[in-house]
Amino acid sequence: MYPVAVQGEHIRLREFTGDDVDALHRVYGDPEATRHLSFEPRSRDQVAKLVTDTIRRAQETPRTEYALAVARNDNGELIGMARLALGEHRSGQIGFALRSDQWGRGFGTETVRLLLELGFRYLGLHRIWGARSPLNTDSEQVMVKVGMVEEGRIRDHVYVRGAWRDSITHAILEHEWQHAPRP
Ligand SMILES: CC(C)(COP(=O)(O)OP(=O)(O)OC[C@H]1O[C@@H](n2cnc3c(N)ncnc32)[C@H](O)[C@@H]1OP(=O)(O)O)[C@@H](O)C(=O)NCCC(=O)NCCS
């Protein structure tokens with residue numbers, strides 16, 4: 001499915017364009033926003049390559065990755081990245097990151113709700129899961145709030161900042177999403 005746009009009350013998910021590099025670099029180049037992620041802060045050149053690769057992969061058939069820009073509805077500004085990667089057996093894995101000056105306003109929760117809507121409503125998935133650092137309580141709160149149940153720990157899941165790190169996984173199934181209360 002291309003192009004994709006998922007409209008929310010305060011934000012929307014949309015496809016990346018070549019003009020998004022600087023705005024995304026304000027997220028992925030920031031040590032605060034990437035503290036719990038599986039990679040270290042990225043240079044502008046690395047983000048430029050990531051945007052180019054993302055735009056190319058978005059147009060592949062079949063499409064297996066939905067890496068989308070998170071943009072505010074009121075001013076159109078790109079404030080983050082939301083990703084849904086398709087796996088086998090109608091599953092999908094999510095990832096998300098917002099610019100740190102935008103945290104605490106409900107945008108993270110809305111971002112994950114929109115990813116679930118994309119996965120379940122538009123792509124017909126059965127199961128959507130996410131993996132977070134054990135120390136990432138912001139991510140934990142967001143995933144729990146949208147109904148993603150904590151399932152367990154993947155030991156030594158990622159090698160980052162010179163050490164192995166475990167991940168805690170959360171997931172939600174299609175019938176749980178259908179019956180989850182809507183905001
Ligand atoms: C995780 C992340 C996306 C959360 O984003 P966020 O926008 O801060 O999330 P929300 O605002 O929806 O929710 C966070 C808190 O803000 C609160 N909040 C919601 N609306 C609010 C508002 N209008 N004003 C103030 N606080 C608000 C929420 O209640 C929640 O707090 P609580 O659960 O303790 O009650 C963000 O911290 C981030 O990008 N982190 C770096 C990348 C990352 O770790 N990604 C996850 C990888 S697994």
Side-chain angles (χ1 to χ4, degrees), residues 6-14 16 20 22-43 46-47 50-51 54 65-87 91-119 127-161 163-172 177 180-183:
V6 192
Q7 185 66 46
E9 193 184 344
H10 306 99
I11 55 167
R12 64 179 174 276
L13 309 186
R14 62 154 174 83
F16 274 96
D20 291 329
D22 287 322
L24 185 61
H25 186 232
R26 290 185 66 189
V27 186
Y28 276 178
D30 176 15
E32 172 75 358
T34 53
R35 184 153 52 113
H36 295 300
L37 301 185
S38 58
F39 54 85
E40 300 197 37
R42 291 187 159 137
S43 68
Q46 287 173 319
V47 172
L50 188 136
V51 169
T54 296
E65 181 192 72
Y66 292 82
L68 302 168
V70 181
R72 285 177 59 146
N73 290 338
D74 54 0
N75 57 16
E77 204 179 345
L78 184 157
I79 60 163
M81 155 86 115
R83 182 169 183 267
L84 176 66
L86 305 189
S91 72
Q93 181 179 3
I94 59 168
F96 45 94
L98 301 183
R99 211 172 74 202
S100 56
D101 66 352
Q102 303 290 311
W103 295 355
R105 306 179 195 189
F107 295 150
T109 305
E110 194 170 339
T111 295
V112 176
R113 284 210 167 98
L114 294 177
L115 280 173
L116 299 184
E117 194 174 330
L118 171 66
R127 167 188 160 81
I128 295 179
W129 68 288
R132 63 170 173 88
S133 155
L135 301 177
N136 195 346
T137 50
D138 291 344
S139 174
E140 175 185 12
Q141 280 172 357
V142 165
M143 288 197 279
V144 167
K145 215 179 310 172
V146 302
M148 298 180 75
V149 177
E150 186 175 315
E151 289 193 326
R153 177 180 290 257
I154 306 177
R155 296 177 304 148
D156 284 0
H157 185 211
V158 294
Y159 189 82
V160 63
R161 294 170 197 87
W164 288 104
R165 196 210 77 196
D166 294 355
S167 289
I168 305 296
T169 63
H170 293 249
I172 182 168
W177 176 78
R182 296 285 183 271

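Predicted, not measured: the structure shown is a model, and the values here were computed from it. Just so you know, ligand 1 is whichever comes first in the structure, and atom 1 is the first atom listed for that ligand. Along the sequence shown, residues are numbered consecutively beginning with 1.
- Under the 4.0 angstrom criterion, atom 28 (C) of ligand 1 counts as having a protein heavy-atom contact.
- Taking distance alone, with nitrogen or oxygen atoms compared against 3.5 Å, Ala97 stays at or beyond that limit from ligand 1.
- Counted by atom type alone, His36 and Arg132 present zero donor-acceptor pairs between their side chains at under 3.5 Å.
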Item checked: Arg113 vs Leu116, side-chain contact (heavy atoms from CB on, under 4.5 Å): CA-CA, chis, key distance, verdict -> CA-CA 5 Å; Arg113 284 210 167 98; Leu116 299 184; 5.7 Å; no
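- Distances from atom 9 (O) of ligand 1 to the heavy atoms of Ser100, Gly108, Ala82, Gly80 put Gly108 nearest.
- Taking only non-hydrogen atoms, the option from Asp30, Leu37, Val70 nearest to atom 47 (C) of ligand 1 is Leu37.
- The distance criterion of under 3.5 Å between nitrogen or oxygen atoms is not met by Arg132 with respect to ligand 1.
- The protein heavy-atom contact nearest to atom 30 (C) of ligand 1 is Lys145 NZ, 3.3 Å.
- Gly106 N, 2.6 Å is the protein heavy atom nearest to atom 11 (O) of ligand 1.
- Taking a distance limit of 4.0 Å, we find that atom 40 (N) of ligand 1 is approached by some protein heavy atom.
- In terms of polar-atom proximity, His36 is not counted as a contact of ligand 1, lacking any N or O under 3.5 Å from an N or O of the ligand.
- Ring geometry, His10 versus Phe107: the interplanar angle falls from 30° to 60°, so the pair is classed tilted.
- Counting heavy atoms under 4.0 Å from ligand 1, residue Leu98 touches it through both backbone and side chain.
- For the pair Asp20 and Arg14, the salt-bridge criterion is met [side-chain N within less than 4.0 Å of a carboxylate O].
- A donor-acceptor pair under 3.5 Å is absent between the side-chain atoms of Glu150 and the main chain of Ile168, judged by distance alone.
- Neither the backbone nor the side chain of Ser133 comes within contact range of ligand 1; no heavy atom lies under 4.0 Å.
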Check: What do the steps show when you test Val144 against His170 for side-chain contact (heavy atoms from CB on, under 4.5 Å), and what is the final call?
Finding: CA-CA 8 Å; Val144 167; His170 293 249; 3.9 Å; yes
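- Among all non-hydrogen protein atoms, the one lying nearest atom 42 (C) of ligand 1 is Ala33 O, 3.3 Å.
- Nearest to atom 44 (O) of ligand 1 among the protein's heavy atoms is Asn136 ND2, 2.7 Å.
- Put simply, the side chain of Asp166 gets close to the backbone of Asp156: a donor and an acceptor are under 3.5 Å apart.
- Using a 4.0 Å cut-off to heavy atoms of Ala131, the atoms of ligand 1 that qualify are 48 (S).
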Notebook entry, point to check: When you look at Met81 and Leu50, which way does the side-chain contact (heavy atoms from CB on, under 4.5 Å) test go after all the steps?
Noted result: CA-CA 12 Å; Met81 155 86 115; Leu50 188 136; 3.8 Å; yes
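- Of the protein's non-hydrogen atoms, Gln141 OE1, 3.5 Å is the one closest to atom 32 (P) of ligand 1.
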Next item on the list: Go through Gln7 and Asn73 one step at a time and tell me if the side chain to side chain donor-acceptor pair (under 3.5 Å) criterion holds.
Entry: CA-CA 9 Å; Gln7 185 66 46; Asn73 290 338; 3.0 Å; yes
Item checked: Steps toward side-chain contact (heavy atoms from CB on, under 4.5 Å) verdict (Val146, Ile172) -> CA-CA 9 Å; Val146 302; Ile172 182 168; 5.9 Å; no
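- The single protein non-hydrogen atom nearest to atom 12 (O) of ligand 1 is Thr109 OG1, 2.5 Å, given as residue, atom name and distance.
- Between the side chain of His25 and the backbone N or O of Gln46 there is no donor-acceptor pair closer than 3.5 Å.
- Protein heavy atom in closest approach to atom 48 (S) of ligand 1: Ser139 OG, 3.2 Å.
- In terms of protein heavy-atom proximity, atom 22 (C) of ligand 1 is nearest to Gly104 O, 3.1 Å.
- Checking only distances, Phe96 does come within under 3.5 Å of ligand 1, N or O to N or O.
- Checking side-chain atoms of Arg161 against main-chain N and O of Phe39 turns up a donor-acceptor pair under 3.5 Å.
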